[in-house]
Amino acid sequence: MPELPEVEVTRLGIQPHVEGRRLEGARVREPRLRWPVPDGLDQAVAGRRVTAVRRRAKYLVLALDPGGSLLIHLGMSGSLRVVPATTPPQAHDHVDLLLDNGTALRLRDPRRFGAILWTEAPPETHPRLAGLGPEPLDPAFTGEHLHRRSRSRTASVKAFLMDAKVVVGIGNIYASEALFRAGLHPARPAGEVDRAGYDRLAAAVAEVLRAAIAAGGTTLRDFTASDGAPGYFRQELAVYNRTGEPCPACGTPLEKAVIAQRSSFFCPHCQP
DNA sequence: ACTGGATCCTGACTGC
DNA sequence: TGCAGTCAGGATCCAG
């Protein structure tokens with residue numbers, strides 16, 4: 001699924017087509033997503049204007065006027081396209097948000113781990129968003145923050161980095177990539193990494209996420225941006241899915257290990 | 001407060 | 001060609 005860079009690439013892609021448009025309604029073909037698509041979504045959004053397309057963690061937040069917000073999560077396999085509303089839906093095209101120019105923002109999600117939620121309250125107070133950690137591209141995300149939050153934690157630094165209460169947006173690909181750039185073994189207990197290590201890690205996270213956004217995200221199999229284009233950061237991945245290939249820094253064969261139930265990729269020499 | 005494990009779902013791929 | 005098994009970009013819930 002889309003991690004933060006893929007969600008941000010999606011946001012940048014749909015924003016010019018969606019922001020400022022009035023919603024005419026919603027067409028729900030399959031409400032059984034991660035959580036059920038709300039009953040009455042069509043009525044709830046009809047006539048409201050999209051004033052902003054934002055992102056919080058891996059959620060897209062469409063702010064509406066007068067009031068209300070749509071929260072859209074892409075789960076593992078979700079994607080959003082802007083298409084003519086008359087385009088015949090293909091398999092797994094579960095929801096259309098109908099815009100006032102004859103187009104539709106169309107959610108496709110084969111695995112249905114994604115979600116569309118509706119709230120009248122300020123979106124940051126929604127249970128799914130309240131309690132999340134800082135954005136990794138915000139100044140509040142620092143090595144000091146990671147160091148402080150990790151004291152006495154025995155779980156791996158990789159699991160720690162993927163904990164949305166610690167910092168949001170980092171999934172399995174970018175966790176491996178950031179730990180490689182920081183020279184940290186993914187299985188190291190989070191509480192044993194020192195301040196210098198977390199300073200390197202915080203910087204590495206921001207670097208790799210920014211680079212991935214600039215490349216249009218990472219396409220492993222089914223991620224496409226809102227215009228259908230794949231992301232090209234796959235070519236720049238240093239370790240992810242590269243078991244046995246030479247480390248780009250030292251040439252040692254890269255290794256794979258299952259850490260916190262997720263495949264993890266690392267260089268045994270550069271990441272002690 | 002943390003931790004690891006199970007869970008939701010479909011599709012792609014591997015090996016027999 | 002078919003079939004069973006494995007794995008996949010997420011994140012919640014639960015027991016301990």
Trainee: Using the ring of each side chain (for Trp, its six-membered ring), is A/Tyr174 parallel, tilted or perpendicular to A/Phe233, with breaks at 30° and 60°?
Mentor: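 The arrangement is tilted - the two ring planes meet at 30° to 60°.
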Trainee: Please classify the nucleic acid contact of A/Thr218 as base, sugar-phosphate, or nothing, using heavy-atom distances under 4.0 Å.
Mentor: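 Answer is base: heavy atoms of A/Thr218 come under 4.0 Å of a base.
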Trainee: Any salt bridge between A/Asp65 and A/Arg49, counting N to O under 4.0 Å?
Mentor: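 Salt bridge: no.
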Trainee: Does A/Phe113 stack onto the base of C/dA11, taking stacking as ring centres under 5.5 Å apart and planes under 30° apart?
Mentor: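 Stacking between A/Phe113 and C/dA11: absent.
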Trainee: Taking A/Arg106 for the side chain and A/Val82 for the main chain, is one N or O donor matched with an acceptor at less than 3.5 Å?
Mentor: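 Side chain of A/Arg106 to backbone of A/Val82, a donor-acceptor pair under 3.5 Å: no, none is there.
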Trainee: Verify, without hydrogens or angle tests, whether A/Ser176 (side chain) and A/Phe265 (backbone) share a donor-acceptor contact under 3.5 angstrom.
Mentor: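 Yes; at least one donor-acceptor contact below 3.5 Å.
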Trainee: Taking A/Glu6 for its side chain and A/Thr218 for its backbone only, find out whether a donor-acceptor pair lies under 3.5 Å.
Mentor: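 Yes.
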Trainee: Quick one: do A/Glu177 and A/Arg181 make a salt bridge, cutoff under 4.0 Å?
Mentor: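 Looking at A/Arg181 together with A/Glu177, the answer is no, because their closest N to O distance does not fall below 4.0 Å.
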Trainee: Measure from CG on A/Asp163 to C1' on B/dT3 and round the result to the nearest Å.
Mentor: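 One finds 11 Å between C1' of B/dT3 and CG of A/Asp163, rounded.
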Trainee: Does A/Thr154 make a side-chain N or O approach to OP1 or OP2 of B/dT3 shorter than 4.0 Å?
Mentor: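 For B/dT3, OP1 or OP2 has a side-chain N or O of A/Thr154 closer than 4.0 Å.
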Trainee: C/dG10 P sits how many Å from A/Leu74 CG, rounded?
Mentor: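 For the pair A/Leu74 CG and C/dG10 P, the rounded distance is 11 Å.
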Trainee: Rounded to the nearest Å, what distance is computed from the CZ atom of residue A/Arg153 to the P atom of nucleotide B/dA1?
Mentor: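 For the pair A/Arg153 CZ and B/dA1 P, the rounded distance is 12 Å.
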Trainee: Atom pairs under 3.5 Å, N or O on each side, protein against nucleotides 5-8 of chain C: can you list them with distances?
Mentor:
| unit_1 | atom_1 | unit_2 | atom_2 | d |
| --- | --- | --- | --- | --- |
| C/dA8 | OP1 | A/Ser263 | OG | 2.5 |
| C/dA8 | N3 | A/Arg111 | NH1 | 3.1 |

Trainee: Whole angstroms only, please: what is the NZ-C1' distance between A/Lys158 and B/dG4?
Mentor: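 A/Lys158 atom NZ is separated from B/dG4 atom C1' by 14 Å.
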Trainee: Between A/Leu161 (CG) and B/dT3 (P), how many Å, whole number?
Mentor: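 In whole Å, B/dT3 P lies 14 Å from A/Leu161 CG.
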Trainee: Would you say A/Leu62 and A/Val45 make side-chain contact, with heavy atoms under 4.5 Å?
Mentor: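 The answer is no; the side chains never approach within 4.5 Å.
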Trainee: Kindly indicate whether the side chain of A/Arg56, heavy atoms from C-beta on, has any atom under 4.5 Å from the side chain of A/Pro123.
Mentor: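 No - every pair of side-chain heavy atoms lies 4.5 Å or more apart.
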Trainee: Compare side-chain N and O positions of A/His92 against OP1 and OP2 of B/dC9 and report whether any pair is under 4.0 Å apart.
Mentor: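 No, no such contact exists.
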Trainee: Rounded to whole Å, please give me the gap between CZ in A/Phe160 and C1' in B/dG4.
Mentor: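 For the pair A/Phe160 CZ and B/dG4 C1', the rounded distance is 17 Å.
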Trainee: Given the rule that I, L, V, M, F, W and Y join up when any side-chain heavy atoms are under 4.5 Å apart, are A/Leu254 and A/Leu220 in one cluster?
Mentor: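 Yes, one cluster joins them.
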Trainee: With rounding to whole Å, what would you report as the distance between B/dC9 and C/dC3 at their P atoms?
Mentor: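 Here B/dC9 and C/dC3 have their P atoms 23 Å from each other.
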Trainee: A/Arg128 CZ to C/dG10 C1': how many Å, rounded?
Mentor: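 My rounded result for the distance is 12 Å.
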Trainee: Should stems be defined as at least three consecutive Watson-Crick or G-U pairs with both distances under 3.5 angstrom, which of them involve DNA chain C?
Mentor: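 Stems found: B:2-8 with C:10-16, B:10-16 with C:2-8.
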Trainee: Mind calculating the distance between CZ (A/Arg34) and C1' (B/dT10) to the nearest angstrom?
Mentor: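 In whole Å, B/dT10 C1' and A/Arg34 CZ are 15 Å from each other.
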Trainee: Could you work out which one of B/dT10, B/dG4, C/dG10 sits closest to the side chain of A/Ala155?
Mentor: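 Nucleotide nearest to A/Ala155's side chain: B/dG4.
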